[in-house]
Structure formats: structure tokens, C-alpha cells
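Presented below is the structure to which this report refers.
This is a predicted model, so every value here is computed, not measured.
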Amino acid sequence: MANAGGTSTFIIILTRDSVRTDRRTITMKQTYISEVAAHAGESVTIKGWLYNVRSSGKLMFLEIRDGSGIIQGILPKNAVPEAVWELAGTLTQESSVIVTGTPREHPKRPGTFELDVAEIELVQLAQEYPITPKEHGVEFLMDHRHLWLRSKRQHAILRVRHEIIRAVRDFFDNDGFILADTPVLTPAACEGTTTLFEVDYFGDEKAFLTQSGQLYNEATAAALGKTYCFGPTFRAEKSKTRRHLTEFWMVEPEVAYAELDDVMTLAERFLSFVVQRVLENRQEELKVLERDTAKLAAIVPPFPRLQYDDAVKMLQQGHADGKVENFFEWGGDFGAPDETFISGQFDKPVMVHRYPAQIKAFYMEEDPTRSDLALCVDVLAPEGYGEIIGGGQRMQSYDKLISRIAEHHLPREAFEWYLDLRKYGSVPHAGFGMGIERCVTWVCGLDHVRETIPFPRMLNRLRP
RNA sequence: UGCGAUGUAGCUCAGUGGUAGAGCAACCGCCUGUUAAGCGGAUGGUCGCAGGUUCGAAUCCUGCCAUCGCAGCCA
């Protein structure tokens with residue numbers, strides 16, 4: 001590859017196949033496949049990759065993708081110069097190509113467009129591509145995640161993820177929230193319960209990758225009223241389930257002068273907005289994923305609210321009816337099968353609130369009428385997808401917070417700044433966190449979180 | 001970390017004591033409406049590793065390694 005500089009000739013020589021192109025074609029105006037319908041009958045140039053080839057003697061079908069979509073190129077031998085036909089015959093899966101042709105409606109499928117190919121320029125002839133159009137195991141595909149991302153299903157999932165993230169931002173931005181991101185490097189555990197990834201901080205101190213921005217959110221909410229943070233979150237737990245990543249993205253709103261009921265209302269408005277937005281803008285993708293959209297259409301406020309006590313009764317009744325294997329005793333946290341059973345009783349997300357304070361984090365406010373309960377809420381997604389939101393009202397009293405820190409055996413000095421928030425104008429405040437990947441998993445109807453992030457980090461998966 | 005499973009061709013898998021198999025991919029042909037196209041041909045193996053039982057082990061036994069699933073923990 002040589003560039004003579006300026007606007008003079010720009011030559012690309014591909015030694016592998018000895019193809020030469022000049023600046024004229026490489027700079028030709030690009031049309032994205034998603035836009036071809038508007039250019040029916042005109043000559044357009046598509047810059048992309050060869051997704052698949054089917055040949056029928058003297059008629060070739062070239063499936064071309066360019067990130068915006070996939071289009072089938074039609075190439076009859078007798079309609080193009082010999083050189084174009086011969087080049088097409090050598091193309092391999094995922095070779096990069098620039099194809100010029102004329103979009104035309106599919107003879108049998110109104111609404112879908114094909115491309116009558118006139119010219120093909122080879123940019124690079126791909127070597128034997130590991131991911132064939134046939135079936136593969138998840139492990140093999142994950143090892144080739146950098147290439148797997150090129151397939152239709154992954155396109156659909158990542159587009160839904162994008163739509164969800166955009167909706168999340170729009171919801172908070174339009175609702176008076178200020179984005180105030182919290183640090184990824186933190187000096188100590190936020191909650192002291194889970195395992196953190198440790199980082200050497202210039203040799204003389206240890207730092208940890210954040211497991212939640214919540215404590216910092218309380219400071220920004222006290223400054224700006226309504227805030228949210230949105231960033232990567234890290235959990236070093238050795239979880240090996242379909243619901244866990246070691247690195248995931250979490251959005252966490254926090255509201256000053258808000259109580260538990262306020263954030264429950266916020267959560268149901270928020271989740272409904274996000275789901276409805278995906279339904280509005282990503283029908284095609286949901287179709288590729290074979291998602292039952294009727295179930296998503298039902299996600300509108302209000303959501304059922306279920307006190308922990310009543311959830312326990314529900315589980316105990318379920319046990320008596322033989323629908324829940326183990327007897328659930330009051331005071332414990334719900335396991336995955338328990339959550340599945342509870343959420344299975346509703347066709348909307350269910351908000352379970354007021355868990356026993358003992359099993360919740362130290363900063364949870366206590367119920368004024370039942371000091372053994374925490375003013376917290378978990379939102380369980382329908383169809384067995386489990387917890388996607390966790391949050392609640394934060395401890396307002398300086399003295400009570402000090403006792404909680406002591407009870408949880410946490411080092412008080414690490415929380416002095418956090419205690420300051422209770423010394424200087426303490427107010428009732430509340431918030432929650434939502435795991436983006438769990439939300440995407442549910443909205444897409446997947447059975448595992450690992451496909452909802454471009455490069456998942458899990459126990460036993462740090463590459464690619 | 002516990003419990004359960006799996007490991008055979010590039011990929012997906014079959015093969016339960018007697019010569020190592022299929023489909024797909026890649027390679028060579030045929031086919032003008034294919035949609036994971038189809039058809040024909042040729043090619044492709046240290047059966048996870050180590051030890052043991054046996055005339056003979058992919059197959060039975062022991063140990064190890066790797067991976068997956070479920071659970072715990074959590075979003």
C-alpha cells in the first residue's frame with residue numbers, strides 16, 4: 001500500500017491476489033445497506049464483507065453485509081464482464097469487498113431488496129473463516145468472539161443493547177437527572193461483602209475496582225439533587241451461572257428527598273420506558289431473536305409490589321402445593337429458584353420490598369414501623385429472569401449509620417467522607433442500580449448474559 | 001468451593017471390548033432463483049493426558065487436566 005500524497009493517485013496493491021484498485025473506486029460514495037430501498041433503480045456502491053455465497057451454475061448469490069444490514073447480490077454470468085464473474089468465483093467468506101450495483105425489490109419477497117451486481121472490487125481475500133454458516137458450540141464461538149460479533153444474531157443483540165442504553169440515558173436526561181459518574185478505582189469495599197478485584201496503586205496502596213457507584217452517588221445527589229452514574233462494575237465472585245459476569249455495566253440513579261415508594265415508582269416508570277422504546281425501534285432485531293413481543297408489550301406501570309413477608313408466604317404456599325422444592329424460612333435471602341417462582345406468579349416485573357435488614361447492606365434505611373426490616377426493593381424480571389434491579393432508601397441518621405458500620409465490622413475511617421453526608425444536611429434519599437446485561441438478556445429473551453456484551457468477562461473467560 | 005455432565009477430524013456429533021465413522025467447512029467438478037442451497041468426487045485422526053486390566057481399549061478401572069451446567073454470592 002502506497003500513498004503518493006495529496007490528491008494524486010492512491011494505489012492499493014493486494015499481493016495475496018494481485019488485485020489493484022485506484023482511488024476512484026475506493027473513494028466512491030458509499031451507500032449503506034439499510035438505505036438501499038431509497039435508491040432502487042440507481043447505481044449504488046456498498047462497502048462491506050462477504051457473508052455467504054451460494055452458486056447455481058451460471059448464477060451466483062452473494063450475501064454482503066456492511067454492519068447496517070445484509071443484502072443479497074445477484075450475479076448472472078452473462079450479465080457482467082468475464083473478469084467480474086471470475087473474481088466472484090474466488091471470493092471467500094468474510095472477504096472485504098466493494099460492490100457496485102442496482103437495488104431492486106426481491107421478486108418473491110416484497111419489501112426486501114436485492115442488488116443486481118455490476119462490479120466487484122476485492123479489498124482483501126479472507127483466509128479460511130473459522131465460523132461457518134453451520135452450527136457451532138458456545139465455547140468455540142466465545143473463543144472467536146471477535147469474529148462471532150459479525151453474525152446476524154449478535155448484530156441483533158448488540159443493537160438492542162445499544163437501544164436500551166440510549167433509552168436509559170434519555171429517560172434520566174429527560175427527567176432532570178444529572179450524569180455524575182463515579183470512580184472505577186476505589187480505596188475500599190463499598191459493602192464489604194463481596195470479593196473485589198485488587199489493583200496495585202503505585203506500590204504503597206491497594207486500590208479496588210468498583211463494585212457499585214452508590215456511595216459516591218449519595219454525595220452527588222446531595223450536591224445536584226437527582227443524579228445517575230453509568231459505567232462498568234466489577235465483581236470478583238467466582239460465580240459460574242448464566243446470570244453472572246465479572247465485568248458488567250450498571251446504571252445507578254440516586255434521588256435526594258426521595259423515599260422507598262418514590263424509587264419504586266421511578267423504577268417502574270424507568271423499566272417501562274426502556275422496554276417500550278425497544279419495542280418501538282427494534283422490531284426487526286426482536287424478530288431475529290424470535291422474542292415473544294406480546295410479553296414485552298405488557299411491561300407498563302404499575303408493577304405489582306410485594307412485601308418480603310408476603311413473598312415468603314407465597315413461597316411457603318408453593319412448597320405446600322409441591323411447586324417449590326425447599327421450604328423457605330423467613331429471614332433468608334431468595335435463591336435463584338425462589339426468585340423464578342415468585343416472578344412466575346406475575347406477567348410484569350415484581351417489586352419485592354422490605355427484606356429483613358440482617359441480610360441487606362449496612363447503608364439500608366430501616367422501616368420506621370418494623371426496625372427489623374430494611375426499606376429496600378428488588379425488581380424481579382418476569383419469565384424467570386430474576387433480579388435486574390436492586391435498591392432502596394439510604395440510612396439518614398448519623399448515629400444509626402455509625403452503629404451499622406460497627407455491626408458489619410467495617411473500618412469506620414474508610415467511611416468518614418460518607419458519614420459527612422449525614423453531618424451536613426442529611427436528608428431522606430434513595431436510589432437503585434440496574435444491571436444492563438441482565439436487562440438486555442431479559443428483553444432479548446436469551447438464556448445467558450454472555451452474549452449481551454461485546455467481550456464478556458467471566459470466571460474462566462478473560463479472552464479475547 | 002460443592003453436586004452433575006462432557007472431552008473422538010477445522011466445526012457439530014455418532015461409535016460400550018475386535019480394522020476410526022457421519023454431516024458440514026476447506027479442495028476439485030456439476031447446476032440460471034438460491035436462502036444453513038443442492039448433487040458427485042477426493043482429502044482429513046496422538047479418540048484430553050498419564051498409568052492400569054486384557055490376546056486386544058475410543059470403549060473397563062484409577063489419577064490428573066480442561067470445559068460446561070446447576071447451586072452459593074449478586075445486578
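- A/Phe432 has its ring centre less than 6.0 Å from the ring centre of A/Phe270.
- Between the P atoms of B/rG40 and B/rA22, the separation comes to 14 Å (whole Å).
- Atom CD1 of A/Ile453 is separated from atom CZ of A/Phe248 by 10.0 Å, given to the nearest 0.5 angstrom.
- Between the CD atom of A/Glu339 and the P atom of B/rC74 there is a distance of 10 Å, rounded to whole Å.
- For A/Phe140, counting side-chain heavy atoms from C-beta on, the closest listed nucleotide (B/rA71, B/rC73, B/rU12) is B/rU12.
- Going from the C1' atom of B/rA42 to that of B/rC27 covers 8 Å, rounded to whole Å.
- Less than 6.0 angstrom separates the ring centroid of A/Phe415 from the ring centroid of A/Phe362.
- Following rounding to the nearest Å, A/Phe270 (CZ) and B/rA75 (P) show an atom-to-atom distance of 15 Å.
- At whole-Å resolution of the value, CG in A/Asn326 and P in B/rC70 are 17 Å apart.
- Under the Watson-Crick or G-U wobble criterion, with both distances below 3.5 Å, B/rA71 is paired with B/rU1.
- Regarding A/Asp143, its CG atom lies at a distance of 12 Å from the C1' atom of B/rA66, rounded to whole Å.
- Across all strands shown, A/Gly335 has heavy atoms under 4.0 Å from sugar-phosphate atoms exclusively, and none from any base.
- Residue side chain A/Ser239 reaches the base of B/rC73 through a donor-acceptor N/O pair under 3.5 Å, judged by distance alone.
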(Q) Apply ring pair (Phe, Tyr, Trp, His ring centres under 6.0 Å) to residues A/Tyr355 and A/Phe334 and explain how you reach the verdict. (A) CA-CA 10 Å; A/Tyr355 285 67; A/Phe334 302 129; 5.6 Å; yes

Extract all donor-acceptor atom pairs below 3.5 Å that involve side chains of residues 72-87 of chain A and protein atoms in other chains or at least two apart in sequence.
unit_1  : atom_1 : unit_2   : atom_2 : d
A/Gln72 : OE1    : A/Arg54  : NH2    : 2.8
A/Gln72 : NE2    : A/Glu114 : OE2    : 3.1

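- Within the nucleic acid shown, A/Thr241 comes within 4.0 Å of at least one base atom, counting heavy atoms only.
- A distance of about 9 Å separates the P atoms of B/rC60 and B/rU16, rounded to the whole Å.
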(Q) For nucleotides 31-38 of chain B, give me one character per nucleotide, 5' to 3': B if any protein heavy atom sits under 4.0 Å from the base, S if the only such contacts are to the sugar-phosphate, - if neither. (A) BBBBBBB-

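- Rounded to whole Å, the distance from CD on A/Glu437 to P on B/rA75 is 14 Å.
- Between A/Phe171 and A/Phe177, a ring centre-to-centre spacing not shorter than 6.0 Å is recorded.
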Q.
A/Tyr363 vs A/Tyr418, test: ring pair (Phe, Tyr, Trp, His ring centres under 6.0 Å). Steps then yes/no.
A. CA-CA 10 Å; A/Tyr363 49 74; A/Tyr418 184 64; 7.1 Å; no

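- Taking atom C1' in both B/rC73 and B/rA66, the straight-line distance is 24 Å, to the nearest Å.
- Straight-line distance between the P atoms of B/rG63 and B/rC3: roughly 13 Å, to the nearest whole Å.
- For the pair A/Lys240 NZ and B/rG72 P, the interatomic distance rounds to 15 Å; values are reported in whole Å.
- The partner of B/rA20 is absent, by the rule that a Watson-Crick or G-U pair needs both atom distances under 3.5 Å.
- Using Watson-Crick or G-U wobble geometry with both donor-acceptor distances under 3.5 Å, B/rU43 finds no partner in any strand shown.
- Taken from CG in A/Leu122 to OG in A/Ser96, the straight-line distance is 6.5 Å, to the nearest 0.5 Å.
- For A/Phe234 and A/Phe208, the ring centers are positioned 6.0 Å apart or more.
- In this structure, A/Ile131 reaches neither bases nor backbone, as no heavy-atom distance under 4.0 Å exists between it and the strands shown.
- Only the C1' atoms considered, B/rC65 is 8 Å distant from B/rG48, to the nearest whole Å.
- Other residues, nucleotides and ligands contribute more than 12 heavy atoms inside 6.0 Å of the OH atom of A/Tyr129.
- Base pairing of B/rC64 is made with B/rG48, judged by Watson-Crick or G-U wobble geometry with both donor-acceptor distances under 3.5 Å.
- If you run side chain to side chain donor-acceptor pair (under 3.5 Å) between A/His429 and each of A/Lys226, A/Glu259, A/Arg394, A/Glu218, only A/Glu218 comes through.
- Using a 4.0 Å cut-off on heavy atoms, the residues of residues 441-464 of chain A that approach RNA chain B are A/His448, A/Arg450, A/Asn460, listed by number.
- Nucleic acid contact class of A/Met434 (heavy atoms, under 4.0 Å, all strands): none.
- The P atoms of B/rA36 and B/rA75 are separated by 41 Å, rounded to the nearest whole Å.
- Between B/rC28 and B/rG7, the distance separating the two P atoms is 34 Å to the nearest Å.
- The distance between atom CD of A/Gln127 and atom P of B/rC27, rounded to the nearest whole Å, is 12 Å.
- At whole-Å resolution of the value, NE2 in A/His136 and C1' in B/rG23 are 13 Å apart.
- Between the side chain of A/Thr241 and the backbone N or O of A/Arg243 there is at least one donor-acceptor pair closer than 3.5 Å.
- For B/rC68, the base has no donor-acceptor partner in the side chain of A/Arg242 [N/O atoms by modelled type, under 3.5 angstrom].
- A donor and an acceptor atom sit less than 3.5 Å apart, one in the side chain of A/His244 and one in the base of B/rC74.
- Figure legend. B/rG38 is base-paired to B/rC30; pairs are counted as Watson-Crick or G-U wobble with both atom distances under 3.5 Å.
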